[in-house]
Amino acid sequence: MPKRINFGKLIEKQLPAELVNFMWVAGEIAHTRGEKLYLVGGVVRDLLLGQANLDLDLVVEGNAIELAQQLKKINKGKITTHPRFNTAKLQWDNWSVDLATARSETYDKPGALPTVKPSSIDDDLSRRDFTINAMAIGLNPGYYGRPVDPHGGRDDLKSKLIRVLHGQSFTDDATRIWRGLRYEQRLDFHLERKTLKLLQRDIPMLDTISADRIRYEVECILKEKYPEKVFRRAEELEVLPKLHPALKGNGWLAERFEQARKLSFPALPEVGLYLALLAYPLTSEETERLISRLRLPKSLAQNLRDTIALKGKMRLLATPGLSPSGIYRLLAPYSSPAMVANSLATESPAASQNIHMYLTRLKYIEISLTGDDLMRLGVAPGPHIREIIELLHKARLDGKITSKQDEVDLVKGWLAAKQMK
Ligand code: ATP
């Protein structure tokens with residue numbers, strides 16, 4: 001038996017007073033409505049682990065939208081409701097709380113979204129992914145701080161185990177495979193023996209999951225502190241090939257992710273940079289398959305295409321004596337994350353330095369004269385304008401001119417040469 005924990009105290013100790021007060025009031029209002037309110041899911045897990053988590057998920061045995069509307073009157077926040085799912089989000093100041101109606105779920109078909117019905121907290125916990133995420137804490141007066149842990153979540157937290165609630169869990173929803181690896185690696189836990197077997201058995205079920213849901217899981221992984229650990233484990237368990245068979249979760253990737261973090265510090269690397277490094281070993285055909293498996297939005301897809309296209313230009317980019325304007329011409333068509341990814345991935349220090357030069361200096365170089373200025377100087381409107389602008393820009397990049405006056409002189413020289421012809 002786990003030792004008795006005073007959850008009320010735990011909440012007060014770990015959560016900001018404003019959220020604690022909110023939960024008190026919410027529990028009292030639910031009580032007056034004859035409903036029971038609970039704090040559930042990840043935040044309960046993290047309270048027990050002593051880790052910060054301010055994403056409050058509340059579940060009510062009753063009507064979440066009506067309760068949220070009543071709560072909104074008190075904290076004067078914003079409310080967003082989803083009547084189809086009977087859920088609501090309350091936002092005020094910097095806080096955000098999700099409220100859901102306790103529900104049961106049945107899966108008509110693997111991978112499809114479940115049919116849901118209002119139900120009890122026990123049913124609501126039984127539909128969840130892992131025991132450590134299937135705990136709740138009562139918030140009503142008289143129940144405040146009372147734990148609800150029907151699946152042994154606290155025992156599993158102590159033993160550092162990720163365990164599904166039943167044998168059909170991964171079949172019902174194979175996104176739980178990715179979720180399981182993510183929690184295992186984030187928390188430094190282990191997949192419980194039977195859960196591991198079920199996971200391996202159900203890897204083919206990942207094919208039943210829509211692109212949007214898989215992309216969401218990949219994005220969640222890329223927001224982890226060490227996404228490479230999840231990809232390494234996914235390779236080991238042969239889950240990674242379900243994203244694309246040519247992807248690698250090896251030491252090379254881990255080193256590049258680490259470098260990407262150093263480069264982006266104190267922020268985290270953008271998803272686009274991580275994805276570009278992950279996709280780096282792929283050919284352009286393979287990249288297209290990954291893009292469609294994840295139905296990547298336009299900019300992320302373009303970023304991957306740029307990464308692979310630029311990979312093919314790295315030899316040229318390493319050419320000794322390449323001029324700044326030559327570097328500019330090679331790199332300008334590509335996105336910044338694609339350049340950074342190539343710079344981290346290349347074996348060529350020269351190519352990497354040239355990318356650095358582009359990103360820190362060349363891309364900011366502009367000319368001073370405008371099209372109107374050029375016409376005032378006597379350049380005829382039409383294609384010549386563009387030609388001269390490019391000439392000026394090239395001269396600026398290569399340091400041949402450095403001031404507005406230099407630009408004027410160059411234009412005058414160009415016009416004179418034109419007249420001589
Ligand atoms: P994180 O720390 O990654 O945000 P979380 O536990 O808060 O973790 P969410 O994805 O926000 O995770 O989901 C909230 C809760 O909903 C989970 O704790 C879990 O109980 C449940 N849940 C989420 N996704 C699933 C799923 N695919 N199957 C079953 N239960 C799920």
Side-chain angles (χ1 to χ4, degrees), residues 14-15 19 38-60 64 82 85-89 96-107 109-116 119 121-137 147-154 156-157 162-189 191 195 198-199 202 205-206 208-210 212-227 229-230 239 268 271:
Q14 289 193 47
L15 294 178
L19 289 182
Y38 301 88
L39 181 64
V40 295
V43 64
V44 177
R45 174 198 71 217
D46 290 341
L47 276 173
L48 284 163
L49 288 171
Q51 291 180 3
N53 185 343
L54 300 181
D55 289 337
L56 296 198
D57 278 318
L58 303 185
V59 162
V60 62
H82 294 283
F85 303 106
N86 211 341
T87 60
K89 187 186 267 298
S96 163
V97 173
D98 285 311
L99 271 117
T101 304
R103 62 187 198 250
S104 64
E105 288 183 348
T106 41
Y107 288 82
K109 208 167 79 187
L113 290 176
T115 313
V116 296
S119 190
I121 187 71
D122 280 349
D123 281 350
D124 194 281
L125 295 176
S126 297
R127 72 178 174 83
R128 290 175 185 262
D129 47 6
F130 304 108
T131 59
I132 59 165
N133 287 343
M135 293 181 279
I137 302 175
V148 187
D149 180 16
H151 305 282
R154 279 170 69 193
D156 284 341
L157 271 185
I162 307 292
R163 186 197 305 267
V164 282
L165 306 194
H166 57 86
Q168 282 300 101
S169 188
F170 294 124
T171 317
D172 285 345
D173 179 358
T175 64
R176 292 170 186 163
I177 292 179
W178 281 111
R179 291 177 65 83
L181 301 187
R182 184 155 63 82
Y183 291 120
E184 185 195 46
Q185 296 306 310
R186 180 204 297 172
L187 302 173
D188 254 330
F189 279 23
L191 288 160
T195 298
L198 292 168
L199 185 150
D202 287 339
M205 302 310 288
L206 279 166
T208 65
I209 305 296
S210 71
D212 290 346
R213 295 191 69 213
I214 295 285
R215 183 183 65 250
Y216 176 76
E217 292 307 325
V218 171
E219 283 168 357
C220 287
I221 293 168
L222 295 177
K223 286 182 194 144
E224 290 289 323
K225 199 165 174 201
Y226 301 112
K229 288 176 68 186
V230 184
V239 172
L268 284 178
V271 165

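We use all heavy atoms of the structure for the numbers below, so side chains are in, but hydrogens, waters and symmetry mates are not. All figures in this text were calculated on a predicted structure; none of them were measured in a lab. Order of appearance sets the numbers: ligands from 1, and atoms from 1 within every ligand.
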As a test of reading the model: which residues have a non-hydrogen atom less than 4.0 Å away from ligand 1?
G41, G42, R45, D57, R127, R128, D129, N133, D173, T175, R176, R179, R182, Y183, R186
In terms of relative ring orientation, are F170 and F130 parallel, tilted or perpendicular, with 30° and 60° separating the classes?
tilted
With sequence neighbours left out, what residues match S126 under side chain to side chain contact (heavy atoms under 4.5 Å, CB included)?
H151
Qualifying side chain to side chain donor-acceptor pair (under 3.5 Å) pairs with a residue from residues 218-227, counting only residues at least two apart or across chains:
R182-E224, R186-E224
Contact summary for R213 and D173, nearest pair of heavy atoms:
NH2-OD2, 3.1 Å
Donor-acceptor list for residues 46-56 side chains, cut-off 3.5 Å, not counting sequence neighbours:
residue	atom	partner	partner atom	Å
D46	OD2	N53	ND2	2.8
N53	OD1	D55	N	2.9

Side-chain touch N133/R179, heavy atoms, less than 4.5 angstrom
yes
